[in-house]
Student: 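I'd like to ask some things about the structure below.
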Amino acid sequence: VCGVPDRPKDVLVRGATVWTSGPAGSLEKADLLIREDRIAGVGPNLQAPSGAMVIDAAGKHVTPGLVDAHVHVGAMGGLNEWAQAVSAEVRVRDVLNAYDNRIYRHMAQGTTTVHVMHGSSNPIGGQNATIKLRWGADAEGLLLAGAAPTIKFALGENVKHSNRGPHFTTRYPQTRLGVEALIRDRLAAAREYGEHRRRDKSVRRDLELDALVEVLA
């Protein structure tokens with residue numbers, strides 16, 4: 001059964017080197033007080049509220065959580081769409097795997113939030129997912145509320161398959177010029193589609209172009 005483990009309401013980390021990442025710099029033998037998931041105080045000799053969990057962190061370091069802007073952690077299966085060059089309609093959030101043990105490992109090294117991205121084989125790839133690393137949460141529980149929607153665009157060698165081997169020589173585009181032309185073409189198609197949809201709601205929805213209309217907006 002999925003479920004985020006119970007957490008103490010208050011936590012006092014005592015006697016650590018605290019890296020504030022602010023004007024105060026690094027504080028030696030300092031305490032860090034967390035109340036209801038928020039930092040309530042940093043400094044020497046803080047008092048632990050009644051019932052708080054107290055962690056002896058002498059000789060250890062405490063830093064802000066790390067945010068990784070480009071990972072594939074937490075997604076199952078392949079993250080490239082080999083058969084077509086534009087796949088703006090696919091969503092990483094639909095293939096999140098809450099049981100991926102890489103989530104646990106990233107948490108253990110201090111990472112708190114990651115941007116799970118589509119692969120780079122497509123000039124216009126799929127929609128990414130920003131997740132909060134919560135071991136024990138289900139896939140929906142991983143999603144970071146309020147995160148801006150993002151999508152993967154790619155340039156360079158991967159999208160023209162120049163480094164994929166002799167079996168990847170048929171899908172357009174095969175040149176950097178083709179990549180630029182394809183992106184321009186699909187954005188122009190999205191602009192035209194969006195104008196038609198605004199005038200006539202009976203125009204059939206196209207999920208790929210819907211995503212690109214958002215990009216243009």
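We count residues from 1, following the sequence as given.
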Student: Ignoring hydrogens and angles, tell me if any N or O in the side chain of Asp100 forms a donor-acceptor pair with the backbone of Gly74 under 3.5 Å.
Tutor: yes

Student: Using every non-hydrogen atom in the two residues, find where Tyr193 and Arg204 come nearest and quote the distance to one decimal.
Tutor: CE1-O, 3.6 Å

Student: Checking Asn128 side chain against Pro149 main chain: does a donor-acceptor pair fall under 3.5 Å?
Tutor: no

Student: Taking CD in Gln109 as the centre, count heavy atoms belonging to other residues, nucleotides or ligands within less than 6.0 Å. Is the count above 12?
Tutor: yes

Student: Identify, with sequence neighbours excluded, every residue that meets salt bridge (charged side-chain N to carboxylate O under 4.0 Å, His left out) alongside Lys160.
Tutor: Glu157

Student: Quick one, Val116 with Val73, criterion side-chain contact (heavy atoms from CB on, under 4.5 Å). Give me CA distance, side-chain angles, the key distance, then yes/no.
Tutor: CA-CA 6 Å; Val116 188; Val73 169; 5.5 Å; no

Student: Measure across Glu81 and Val90 and return the closest heavy-atom pair with its distance rounded to 0.1 Å.
Tutor: OE1-CG1, 4.3 Å

Student: Locate the shortest heavy-atom distance separating Leu12 from Leu46; write the atom from each residue and the value.
Tutor: CD2-O, 3.7 Å

Student: Answer yes if Leu143 and Met117 sit in the same cluster of Ile, Leu, Val, Met, Phe, Trp and Tyr residues linked by side chain heavy atoms under 4.5 Å apart, and no otherwise.
Tutor: no

Student: Can you tell me if Tyr104 has over 12 outside heavy atoms packed within less than 6.0 Å of its OH?
Tutor: no

Student: Cluster question for you: counting only ILVMFWY and a side-chain heavy-atom cut-off of under 4.5 Å, with indirect links fine, are Val159 and Leu187 together?
Tutor: yes

Student: What's the shortest heavy-atom distance between Gly178 and Tyr172, and which atoms?
Tutor: O-OH, 3.5 Å

Student: Has the side chain of Thr113 got a donor or acceptor atom that lies under 3.5 Å from a matching backbone atom of Lys132?
Tutor: no

Student: Would a single hydrophobic cluster contain both Val86 and Trp82, if residues Ile, Leu, Val, Met, Phe, Trp and Tyr are joined by side-chain heavy-atom contacts under 4.5 Å?
Tutor: no

Student: Transitive ILVMFWY cluster of Val18 at side-chain heavy atoms under 4.5 Å: who else is in it?
Tutor: Val11, Val13, Leu27, Leu32, Ile34, Ile39, Val42, Met53, Ile55, Val62

Student: Going by atom types alone, do His161 and Ser121 pair a side-chain donor with an acceptor below 3.5 Å?
Tutor: yes

Student: When you measure from the side chain of Arg134 to the backbone N and O of Ala98, does any donor-acceptor pair fall under 3.5 Å?
Tutor: no

Student: Just by modelled atom types, is the Ala58 backbone N or O under 3.5 Å from a matching donor or acceptor in the Asp56 side chain?
Tutor: yes

Student: Treating Ile, Leu, Val, Met, Phe, Trp and Tyr as nodes and any side-chain heavy-atom pair under 4.5 angstrom as an edge, say whether Leu144 and Leu66 lie in one connected cluster.
Tutor: no

Student: Please name the pair of heavy atoms, one in Arg102 and one in His72, separated by the smallest distance, quoted to 0.1 Å.
Tutor: NH2-O, 3.3 Å

Student: Keeping Asp200 on the side-chain end and Ser202 on the backbone end, is there a donor-acceptor pair under 3.5 Å?
Tutor: yes

Student: Starting from the C-alpha separation in whole Å, work towards a yes-or-no answer on side-chain contact (heavy atoms from CB on, under 4.5 Å) for Ser162 and Gln174.
Tutor: CA-CA 7 Å; Ser162 61; Gln174 293 283 303; over 6 Å; no

Student: For Asn101, is the CG atom crowded, meaning more than 12 foreign heavy atoms sit under 6.0 Å from it?
Tutor: yes

Student: Which heavy atom of Phe153 sits nearest a heavy atom of Ile183, and at what distance?
Tutor: CE2-CG2, 3.8 Å

Student: Would you please classify the geometry between the His61 ring and the Trp19 ring as parallel, tilted or perpendicular, with 30° and 60° separating the classes?
Tutor: tilted

Student: Answer yes if Ile131 and Val67 sit in the same cluster of Ile, Leu, Val, Met, Phe, Trp and Tyr residues linked by side chain heavy atoms under 4.5 Å apart, and no otherwise.
Tutor: no

Student: Working note: Leu209 + Arg186, criterion side-chain contact (heavy atoms from CB on, under 4.5 Å); need CA distance, chi angles, decisive distance, verdict.
Tutor: CA-CA 8 Å; Leu209 295 179; Arg186 297 318 294 158; 3.5 Å; yes

Student: So do Lys152 and Asn122 actually touch side chain to side chain, heavy atoms under 4.5 Å?
Tutor: no

Student: Show, in sequence, the C-alpha distance, side-chain angles and deciding distance for Thr111 and Asp68, and conclude whether the side chain to side chain donor-acceptor pair (under 3.5 Å) test is met.
Tutor: CA-CA 7 Å; Thr111 306; Asp68 198 326; 5.7 Å; no

Student: If the threshold is 4.0 Å, N to carboxylate O, is there a salt bridge linking Arg176 and Glu180?
Tutor: no

Student: Kindly determine whether Arg205 and Arg197 satisfy side-chain contact (heavy atoms from CB on, under 4.5 Å), including the steps that lead there.
Tutor: CA-CA 8 Å; Arg205 287 193 63 193; Arg197 284 274 295 170; 3.4 Å; yes

Student: Please, which pairs that meet salt bridge (Lys or Arg N to Asp or Glu O under 4.0 Å) have at least one residue in residues 21-33, sequence neighbours excluded?
Tutor: Arg14-Asp31

